[in-house]
Amino acid sequence: MEQNSNILKYKHLGIYTQNENVVYMREDCHVCISEGFEALTRIRISNVSTSIVASLNILNSDILMPNEIGLSDSAAEKLNVSPNETLYVSHLEPIESLSLVRAKIYNQKLDYNAYNEIITDIVEGNYSNIHLSAFITACAGDRMDIDEISDLTKAMIASGKQLDWNKEIVVDKHCIGGLPGNRTTPLIVAIVAAYGLTMPKTSSRAITSPAGTADTMEVLTNVTLSSEEIKNVVENEGGCIVWGGTAQLSPADDVLIKIEKALDIDSEGQLIASVLSKKAAAGSTHVIIDIPVGETAKVRSTEMAQQLKEHMETVGKAVGLKVKVVITDGTQPIGRGIGPTLEAIDILKVLKNEADAPKDLLERALFLAGELLELSGKVEKGKGRKTAQKVLESGKAYEKFIAICKAQGRFSKPVLARYKVEIKSEKSGILKRIDNRKIAKLAKLSGAPKSKSAGISLNVHLNDKIEKDQLLYTLYAESQGELNYALDYKNSHDDIIAIN
């Protein structure tokens, strides 16, 4: 703690900065003057119980008095500070691990201890977004060899909680992404848990897509569970489908992902470390990784997918996971729904074995569930898909899914958005291309995933014969304004769906 001259009174400002800790002080504040603080200086803020590191923003207004200090919402939450509480301000001690980041910038190879130091400082909030950006960029572009990727993964696992299920086999699944509507995870969890395997699935919210698995599941049940609540659900039902953000599993990943999104960087090394650290921390032992490949998917070539497959399996082995990677078709969206509620409707149709359930979503879910059953060793090779199909068709997967939802707090039926517009074909021909990225953006402009019931219901697939005035898709939004905004984008991009 500093002397009394470095004491300021906290005032709540209500400023949201995502994960960035920001502190606000007046230019004529006595602490700024005496300590020589300038804008963007990294300083330490403390109260009686804890401290954080934050970037300083200087104010020239009466929002704060000279003896007051403000914090971004994330910083205030981490300090657990109340209005008018006394805070202490001090210079930040040197962050030793930044020398390791600089070494990586100059393409030096780092070991486990180096990555562990960096990840520890990231989790403790000692890095600004500038530091995080430097670290991410230094690791991008194939600048990490397989040993470094393994060491980074191990460091990320060690940075947070690690769940232990006291079971020899705990299964999991991950999709690299890039396919709108590809919501197989809830189906796979329901099938394999109904079969008798343990599958504690922690999933992400949408980063750049119209829906993440957690967003879709939140339509149907609670997904924000503590580690203890997750354990109770899994012990009772054999599986869960929850948001990983509150479980504190590989917490550095949650910080890095937000910066990667802002930079639009998705380097192979950090992608592998991100995925596998979460799986290992969740207590998984056997993992299926799905890599969809397509011109507008995240992975665009079979060569890229093959290299990623080899590296995933090698790093998986290094961190104690049995990983099998499957390369799948990523040329078009899966299912009909694109957006949380619409995808939830697809999931329920498949689980209830309804005649109009989307066949492509059903087939992909059965394939991946079958692969996972075989990988576990509990089902004979070549019989996984058939076993998964029997579980689904018996109704046991649906029963298990409802039981998991109720164990997580509730089961709610999905409700569609109030506003909609049907988009019909202006000509006849064969459907030759669906741009995954543009149709995902269209769904996002309609409001998804923030507006849970917004999005797209897709009625066509590649190689379909299309007639003039045939319904291609329906746009849903929760307000007329959002619907109009999406329509403006659609009208200026006639290559979202290509018909020749």
Legend entry - Basic-acidic side-chain contact under 4.0 Å: Asp435, Arg433: yes
Inset, instruction - Return yes if some donor-acceptor pair links the side-chain N/O of Ser446 with the main-chain N/O of Ala454 below 3.5 Å, else return no. - result: no
Inset, instruction - Without swapping roles, check the side chain of Ser284 against the backbone of His286 for a donor-acceptor pair under 3.5 Å. - result: no
Legend entry - Gln408 vs Asn222, side chain to side chain donor-acceptor pair (under 3.5 Å): CA-CA, chis, key distance, verdict: CA-CA 6 Å; Gln408 289 182 200; Asn222 302 333; over 6 Å; no
Inset, instruction - Return yes when atom NZ of Lys322 has more than 12 non-hydrogen atoms of other residues, nucleotides or ligands closer than 6.0 Å, and no otherwise. - result: no
Legend entry - Side chains of Pro186 and Thr216 in contact at under 4.5 Å (non-hydrogen atoms): no
Legend entry - Partner of Arg385 by salt bridge (charged side-chain N to carboxylate O under 4.0 Å, His left out), out of Glu380, Glu374, Glu363: Glu363
Inset, instruction - List the atom of Ser274, the atom of Asp253, and the distance in Å for their closest heavy-atom pair. - result: OG-OD1, 2.7 Å
Legend entry - More than 12 heavy atoms from other groups under 6.0 Å of NZ on Lys309: yes
Legend entry - Check: Thr17 main-chain N/O paired with Asp73 side-chain donor or acceptor under 3.5 Å: no
Inset, instruction - May I have the step-by-step check of side chain to side chain donor-acceptor pair (under 3.5 Å) for Asn113 and Glu117, ending in yes or no? - result: CA-CA 6 Å; Asn113 290 332; Glu117 282 187 48; over 6 Å; no
Legend entry - Spacing of Leu342 atom CG and Leu416 atom CG [to the nearest 0.5 Å]: 5.5 Å
Inset, instruction - Verify side-chain contact (heavy atoms from CB on, under 4.5 Å) between Ile404 and Lys400, making sure each step is shown before the conclusion. - result: CA-CA 6 Å; Ile404 289 172; Lys400 176 56 70 178; 4.0 Å; yes
Legend entry - Student check: side-chain heavy atoms of Leu132 and Ile122 closer than 4.5 Å: yes
Inset, instruction - Tell me, please, which residues at least two apart from His493 pass ring pair (Phe, Tyr, Trp, His ring centres under 6.0 Å). - result: Tyr489
Inset, instruction - State whether Arg300 and Glu295 are salt-bridged, where the test is any N-O pair (Lys NZ or Arg NE/NH1/NH2 against Asp/Glu carboxylate O) under 4.0 Å. - result: no
Legend entry - Contact check, side chains of Leu392 and Tyr398, non-hydrogen atoms, under 4.5 Å: no
Inset, instruction - Going by the side-chain hydrogen bond (donor to acceptor under 3.5 Å, both in side chains) test, name the single residue among Thr202, Asp254, Asp172 that passes it with Lys278. - result: Asp254
Inset, instruction - Give a yes or no on whether the backbone of Thr221 and the side-chain of Arg410 come within a donor-acceptor separation of less than 3.5 Å. - result: yes
Legend entry - Salt-bridge present (Arg183, Asp346; N to O < 4.0 Å): no
Inset, instruction - Decide if atom CD of Glu354 counts as having more than 12 heavy atoms of other residues, nucleotides or ligands within a radius under 6.0 Å. - result: yes
Inset, instruction - Output yes when Lys452 and Glu478 qualify as a salt bridge under the 4.0 Å nitrogen-oxygen rule, no when they do not. - result: no
Inset, instruction - Determine yes or no for a side-chain-to-main-chain donor-acceptor pair under 3.5 angstrom, with Asn236 supplying the side chain and Asn232 the backbone. - result: yes
Inset, instruction - State, with a plain yes or no, whether a side-chain heavy atom of Met304 is found less than 4.5 Å away from one of Val293. - result: no
Legend entry - Contact check, side chains of Leu256 and Phe135, non-hydrogen atoms, under 4.5 Å: yes
Inset, instruction - Using a strict cut-off of less than 4.0 Å between a Lys/Arg side-chain nitrogen and an Asp/Glu carboxylate oxygen, indicate whether Lys349 and Asp356 qualify as a salt bridge. - result: yes
Inset, instruction - Verify side chain to side chain donor-acceptor pair (under 3.5 Å) between Ser453 and Thr341, making sure each step is shown before the conclusion. - result: CA-CA 5 Å; Ser453 58; Thr341 292; 5.1 Å; no
Inset, instruction - Assess the side chains of His461 and Asp360: does a donor N or O sit below 3.5 Å from an acceptor N or O? - result: yes
Legend entry - Flag side-chain contact, heavy atom, 4.5 Å: Ile157 against Ser250: no
Legend entry - Spatial distance of atom SG (Cys240) from atom NZ (Lys201) [nearest 0.5 Å]: 9.0 Å
Inset, instruction - State which residue, out of Val323, Thr314, Val315, Leu152, fulfils the side-chain contact (heavy atoms from CB on, under 4.5 Å) condition with Ile272. - result: Val315
Inset, instruction - From the options Lys173, Lys324, Lys381, select the one residue that forms a salt bridge (charged side-chain N to carboxylate O under 4.0 Å, His left out) with Glu371. - result: Lys324
Inset, instruction - Please round to the nearest 0.5 Å and tell me the distance separating atom CG of Asp290 and atom OG1 of Thr328. - result: 3.5 Å
Inset, instruction - Take atom CD of Gln480 as the centre, draw a 6.0 Å sphere, and report whether it contains more than 12 heavy atoms from other residues, nucleotides or ligands. - result: yes
Inset, instruction - For Lys258, look at atom NZ and say whether over 12 heavy atoms of other residues, nucleotides or ligands are found less than 6.0 Å away. - result: yes
I'd like a table of donor-acceptor pairs (distance under 3.5 Å, sequence neighbours excluded) in which one partner is a side-chain atom from residues 467-476, with atom names and distances.
unit_1	atom_1	unit_2	atom_2	d
Gln470	OE1	Glu467	N	2.9

Legend entry - OG-CG distance between Ser425 and Leu431, expressed to the nearest 0.5 angstrom: 8.5 Å
Legend entry - Donor-acceptor under 3.5 Å (Ser72 side chain, Glu20 main chain): yes
Inset, instruction - Check whether any side-chain heavy atom of Val275 sits under 4.5 Å from a side-chain heavy atom of Ile289, and report yes or no. - result: yes
Legend entry - Spacing of Leu366 atom CG and Thr387 atom OG1 [to the nearest 0.5 Å]: 11.0 Å
Legend entry - Separation between CG of Asp329 and CZ of Arg364, rounded to the nearest 0.5 Å: 6.0 Å
Legend entry - Listed partners of Asp145 passing side chain to side chain donor-acceptor pair (under 3.5 Å), at least two apart: Lys109
Inset, instruction - Mark yes or no for whether Glu218, through its side chain, and Ala214, through its backbone, hold a donor-acceptor pair below 3.5 Å. - result: no
Inset, instruction - Please lay out, stage by stage, how Glu482 and Ser479 fare under the test side chain to side chain donor-acceptor pair (under 3.5 Å). - result: CA-CA 5 Å; Glu482 286 174 314; Ser479 72; 3.3 Å; yes
Inset, instruction - Give a yes or no answer on whether the side chain of Trp165 reaches the backbone of Glu235 with a donor-acceptor pair at less than 3.5 Å. - result: no
Inset, instruction - Can you establish whether the number of heavy atoms outside Asp142 located under 6.0 Å from its atom CG is more than 12? - result: no
Legend entry - Test item: Thr185 and Leu187 side chains (from C-beta on) under 4.5 Å apart, heavy atoms: no
Legend entry - Backbone N/O of Ala448 and side chain of Ser451: donor-acceptor pair under 3.5 Å: no
Inset, instruction - Please assess Met156 against Tyr115 for the test side-chain contact (heavy atoms from CB on, under 4.5 Å), listing each intermediate value before the final yes or no. - result: CA-CA 9 Å; Met156 289 174 68; Tyr115 281 115; over 6 Å; no
